[in-house]
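Just follow the structure's listing: the first ligand is 1, and inside any ligand the first atom is 1. The first residue in the sequence is number 1, and the count goes up from there.
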Amino acid sequence: MSKEIYENPDLKKERQNCPFNKEEITHLLDGGKEKTIERKQLENYILSDEQLKDAVPMEYLSHADKYAEELRKACLLMHKLADSPAGQVPTLRALMGAGLGSAVLKEGNPLALHYVMFIPALMGQGTIDQQAKWLEKAYNLNMIGTYAQTELGHGTFLRGLETRATYDPKTQEFILESPSLTAYKWWPGSLGKTANYAVVMAQLYTKGKCEGTHPFMVQLRDEETHEPLPGIVNMWLNPVCISSYIHYGTYVKPTNSKLSYATMVFVRVVVCQDVTTNLRKAVTIATRYSCVRRQSELKPGDREPQVMDYQAQQNKLLPPLAATFAFQLAADHLWNLYHTANNNIEQGDLELLPDLHGLSCALKALCSSEAANFVEVCRQSCGGHGYMSCSNFPRIYGQVTAAETYEGENTVLWLQVARYLVKTRKEQSGGLSVKYLIGEEKGPKTVDTTLEGIVKLYRRAAVGLVDVAIAELDKSGRKGEAPHDAWNHAAVYLIKAAQAHARLFVVESFVDSLKEGKLSAPVRTVLSQLCELFIIYWLLERSGDFFLCSNLTKQDLLLLNSKYVELLAAIRPQAVNLVDSFDLRDEVLNSPLGCWDGNVYQRLFDEAAKSPLNQSNVHESFHKYLKPLLKSNL
Ligand SMILES: CCCCCCCCCCC/C=C/C(=O)SCCNC(=O)CCNC(=O)[C@H](O)C(C)(C)COP(=O)(O)OP(=O)(O)OC[C@H]1O[C@@H](n2cnc3c(N)ncnc32)[C@H](O)[C@@H]1OP(=O)(O)O
Ligand SMILES: Cc1cc2nc3c(=O)[nH]c(=O)nc-3n(C[C@H](O)[C@H](O)[C@H](O)COP(=O)(O)OP(=O)(O)OC[C@H]3O[C@@H](n4cnc5c(N)ncnc54)[C@H](O)[C@@H]3O)c2cc1C
C-alpha cells in the first residue's frame, strides 16, 4: 500500500484553489520550460547520489574535517560532471552557487573560485596562446586556480596593492614579491589548502616605472606533492603576465587600464543572481513556516491563528517575496547588458564599459544589501526556531552578507556609481542605464499614484538626487575646496543618488518585464500585485528622497500606505503558492522550517537528536568539571 505522504493541513489548505499556474512562474524564473526540465533532471542526478549526503550535520565537524568532507564531495561532483544530463556548463553553474550546489556543499565549494574567477580571468584577459596553454588544463582540472588580489593591507584600493611584479629584460622574467606583511595575499578563496595556481594581481614594474596592477599566472604548489613551491611565502618566482603587455621588453598600454578589472565585473553580475537565489530560499522557509506556525490570539476566543494572518507578518515577508522577482528580472537585464558589452569589447568597442561598470556596481551593492536585510527579517519572522543553526538562516545570512563585502565593498561601489552618474549628468552623455538622466521627466510635477505615476517619481528621485549631489560638489568648489575634498564632503548625497539610480533600474526592469512578458492573465495579475507592492514599499521606506525631489504630499503618502496594506491582504492568500513556484527542493532549502510538507516540529526534533550532545544523558564533562564544582561548597 503506498505510504500516505504527510502534508501539514494548513499548508494543504493554502495550496487549494491556486488561481494561477505555478509551473508558469517556475518556467519564467528558470528561463523556459526546457530549462526547468533540465534543472529537475540535474537535481535528481545529483541529489540521488548517496555518497553526496552528509553522515553527520556539518556543524558538528571540526574545521579540518569540514574542509575534508566538502573537498571530498566537491571532487565527487567533478567526477559526476562528465555524465551530467544537463551538460558541463549548466551543471557547473548550478553547482557553484546558492542553489543546487549548496544542497551538497553546505559550507561552500572549495573549487568555486577555480570556476568563478580563475577561469574567467584566463578567458577575459589571457592572450590566445596563454588560453591555449592553460584553459584546457584548467577545464580538465589538471590545475586548480584561485584569484589572489586582496592583501592584508588592501582590498578596495587596487592602485594601492603592494605586491610587485618586476620585469627583468635580461631573463625576460617577472619577479613577484610581497615586500611587506601587509602585502601578503589574504582572503583569496582556496588559496590556503586547495589551489596550486593563482591569478595574482600585482603592480607591474618595468624599466623602473610602475605601470599599475596587472594579472599574473603564478604556480603556488608542486603539482605532485602539493607542497608550496620554494619561496612562495614572500617571494614568488617565474610568474607569467596574463594578457601580456610586454612586447619584446617594452610595455604597451592596454586600450583601457580598467580591462584588468574585468573579472570583478563578471562576478558582480553573477553575485546579483546568487544573492537572489539565497533570498528565495529564506523567503520560502519563512513563508511556509509562517503558515504552519500558529501563535497567540487574533480574535478573542478563537483558535490561535497562522502567524501569516498578522498584517505585521505580511509586512515582514511579502516585500522580500516581491523582491525575489524584482532582483531576478533586474539581474537578467544586467546579464544581457554584460553579454552585449563583452561582445563589443572583444571587437575593441569599449563604449558600454562605463555603463556596465556603473550598473554592475549598483546592482551588486543594492541586491546584496537589500537581500541581507530581508534575510534577517525572514529569520526574525520565525522566532526562536529561526535562530537555530538547522533553520539554515545563519548560513544563508552569512553567504549574503559576505556578498556585501567581497567583489567590491558596497560603499566603495556606491561611490563608483556616483562618479559615473555625476560624470554622465554633467556631460549629458551616458548610454543604456542612465537614459532617463538625459530625457528626464518634463512637465508638471503633479503626482499620480498609478504604477506609471510611481515610476515617474522614481525617475524624478534618481535625477533629482544626482542634481542635489552635484549642487553640493559645486558649493564646495565655490568655497575653494579641492575636488577630492568636495567629493568626500558630498559622500552622503552621492551614495543616496547612487542608490536611487539602482532602485530605479530594478523598478523599471520589473515593470518593463511585466509589460513585455507573455504571461497568462492570472500570473500577470499576481506578479503585477507584487510589483506594485514592492515599488510602493520602497517609496514608503525612502519617502524622504521623494519629498526632496517631487511634489509628493502627505496625502499622497497616506494614499500609498492604504494601497500598500490592501496589497498585503490581496497577496497573502497566494504566499505559499508563490514560494512553491520557486520549486526549491527540501535539500536545497536544507531547513526543517521550510520543508514542503510542513512537518516542522517532527523535523526539528529529529535534527536536535543528531547533536553529539544528545547521544548520551550525561556528558563526560559533568564528571570532570561540574560535579567537582557542585561538591566544592564555594
Ligand atoms: C553561479 C555561480 C555563483 C557564484 C556565486 C558568487 C561567488 C563569488 C565569490 C567571490 C569571492 C570574492 C572575490 C573577491 O572579492 S576578488 C577581489 C574583489 N575586489 C574588488 O572588487 C576591489 C574593489 N575596488 C575596485 O574595484 C577599485 O579599487 C575601485 C573601482 C574602487 C577604484 O579603482 P581605481 O582607483 O583604479 O579607479 P577610480 O575610482 O580612480 O576610477 C578610474 C576610472 O576607472 C573606472 N573604473 C574603475 N573600476 C572599473 C571597472 N571594474 N571596470 C570599468 N571601469 C572601471 C572608473 O569608473 C573611472 O572612470 P572615469 O575616470 O571615466 O570616471
Ligand atoms: C567571504 C569573502 C571572500 C573573499 N574572497 C576573495 C577572493 O577570493 N580573492 C580576493 O582577492 N579577495 C577576496 N575577498 C576580499 C574582498 O574582496 C575584500 O574584503 C573587499 O574588496 C573589501 O576590501 P577590504 O577588506 O580591504 O575593506 P576596506 O576597503 O579596508 O573597507 C573598510 C572600510 O573602509 C571603507 N572605505 C574604503 N575605501 C573607501 C573609499 N574610497 N571611500 C569611502 N569609504 C571607503 C569601506 O567602505 C569600509 O567601510 C573576500 C572577502 C570576503 C569577505
Side-chain angles (χ1 to χ4, degrees), residues 89-102 108-109 112-118 120-121 124 145-161 163 182 185-192 195 198-201 212-213 215 256-278 331 335 341 345 350 352-361 364-365 368 398-424 426-427 429-430 484 487-488 491-492 494-495:
V89 173
T91 302
L92 278 170
R93 193 178 298 131
L95 294 178
M96 291 301 134
L100 177 57
S102 69
N109 187 335
L113 266 293
H114 178 74
Y115 287 102
V116 176
M117 296 202 78
F118 181 71
T146 184
Y147 182 85
Q149 175 174 290
T150 302
E151 298 168 353
L152 256 178
H154 287 91
T156 286
F157 189 53
L158 299 187
R159 284 183 285 146
L161 289 178
T163 301
T182 48
K185 290 303 178 184
W186 198 266
W187 270 116
S190 315
L191 184 62
V199 167
V200 176
M201 294 295 275
T213 50
N256 182 311
S257 64
K258 300 309 173 190
L259 285 175
S260 64
Y261 292 177
T263 307
M264 291 182 284
V265 175
F266 165 73
V267 181
R268 286 168 192 159
V269 171
V270 165
V271 163
C272 297
Q273 175 57 62
D274 202 57
V275 296
T276 303
T277 301
N278 261 323
W335 189 243
I345 288 165
L350 303 182
L352 284 178
L353 186 58
D355 284 304
L356 180 61
H357 173 51
L359 206 50
S360 59
C361 288
K364 181 269 188 188
S368 60
Q399 288 168 359
V400 177
T401 48
E404 293 183 278
T405 300
Y406 66 52
E407 226 44 72
E409 196 278 329
N410 280 358
T411 302
V412 169
L413 297 188
W414 285 128
L415 290 167
Q416 281 293 301
V417 178
R419 175 177 176 139
Y420 162 72
L421 291 173
V422 167
K423 183 176 181 182
T424 302
K426 284 189 166 182
E427 291 175 357
S429 65
H484 59 267
W487 183 264
N488 187 38
V492 170
L494 290 165
I495 291 170

(request) Would you check the N or O atoms of Y147, main chain and side chain alike, for any that come under 3.5 Å of an N or O of ligand 1? (result) no
(request) Could you name the option among T150, L413, L158 that has the heavy atom nearest to atom 10 (C) of ligand 2? (result) T150
(request) Would you tell me which option among H357, E407, K423 has the nearest heavy-atom contact to atom 15 (O) of ligand 1? (result) E407
(request) With heavy atoms under 4.0 Å as the rule, classify the contact between V265 and ligand 1 as side chain, backbone, both or neither. (result) side chain
(request) Answer yes or no: does an N/O atom from T150 fall short of 3.5 Å to an N/O atom of ligand 1? (result) no
(message) When you measure from the heavy atoms of R268 to every atom of ligand 1, does any distance fall below 4.0 Å?
(response) yes
(message) Taking 4.0 Å as the limit for heavy-atom contacts, which would you say applies to V270 with ligand 1: side chain only, backbone only, both, or neither?
(response) side chain
(request) Measure the CD-CD distance between Q149 and E407 for me, rounded to the nearest 0.5 Å. (result) 7.5 Å
(message) Can you tell me which portion of Q399 lies within the under-4.0 Å heavy-atom range of ligand 1? Options are side chain, backbone, both, or neither.
(response) neither
(request) Identify the heavy atoms of D274 and G97 that sit nearest to each other, and give their distance. (result) OD1-CA, 3.3 Å
(message) Taking distance alone, with N or O pairs closer than 3.5 Å, would you say V412 contacts ligand 2?
(response) no
(message) Just to be sure I read this right, does ligand 1 sit under 4.0 Å from the backbone of M117, its side chain, both, or neither, counting only heavy atoms?
(response) side chain
(message) Given L494, L415, T405, identify the one with the heavy atom nearest to atom 43 (C) of ligand 2.
(response) L415
(message) If you measure every N or O of D274 against every N or O of ligand 1, does any of those distances drop under 3.5 Å?
(response) no
(request) Enter the distance from L494:CG to Q416:CD here, rounded to the nearest 0.5 Å. (result) 11.5 Å
(request) Kindly assign one of parallel, tilted or perpendicular to the pair H154 and F157, based on the angle between their ring planes and the thresholds 30° and 60°. (result) tilted
(request) Pick whichever of V200, L191, T156 has a heavy atom sitting closest to atom 22 (C) of ligand 2. (result) T156
(message) Within the protein, is there a heavy atom lying under 4.0 Å from atom 19 (O) of ligand 2?
(response) yes
(request) Tell me, with the steps shown, if Y406 and V271 meet side chain to side chain contact (heavy atoms under 4.5 Å, CB included). (result) CA-CA 10 Å; Y406 66 52; V271 163; 3.7 Å; yes
(message) If we count only non-hydrogen protein atoms and require a distance under 4.0 Å, does atom 53 (C) of ligand 2 qualify as touching the protein?
(response) yes
(request) Take every heavy atom of P354, measure it against each atom of ligand 1, and state whether any distance is under 4.0 Å. (result) no
(message) Among F157, F118, W187, which one puts a heavy atom closest to atom 13 (C) of ligand 2?
(response) W187
(request) Specify side chain, backbone, both or neither for R419, according to which of its non-hydrogen atoms lie closer than 4.0 Å to ligand 1. (result) side chain
(request) Using a 4.0 Å heavy-atom cut-off, say whether T146 meets ligand 2 through its side chain, its backbone, both or neither. (result) neither
(request) Kindly state if atom 35 (C) of ligand 2 has a protein heavy atom within a strict 4.0 Å cut-off, that is, under 4.0 Å? (result) no
(request) Before signing off on this row, confirm whether G408 and ligand 1 have an N or O atom pair separated by under 3.5 Å. (result) yes
(message) Checking the N or O distance criterion of under 3.5 Å, is ligand 1 in contact with Y406?
(response) no
(request) Pick one of side chain, backbone, both or neither for how L158 approaches ligand 1, counting any non-hydrogen atom pair under 4.0 Å. (result) both
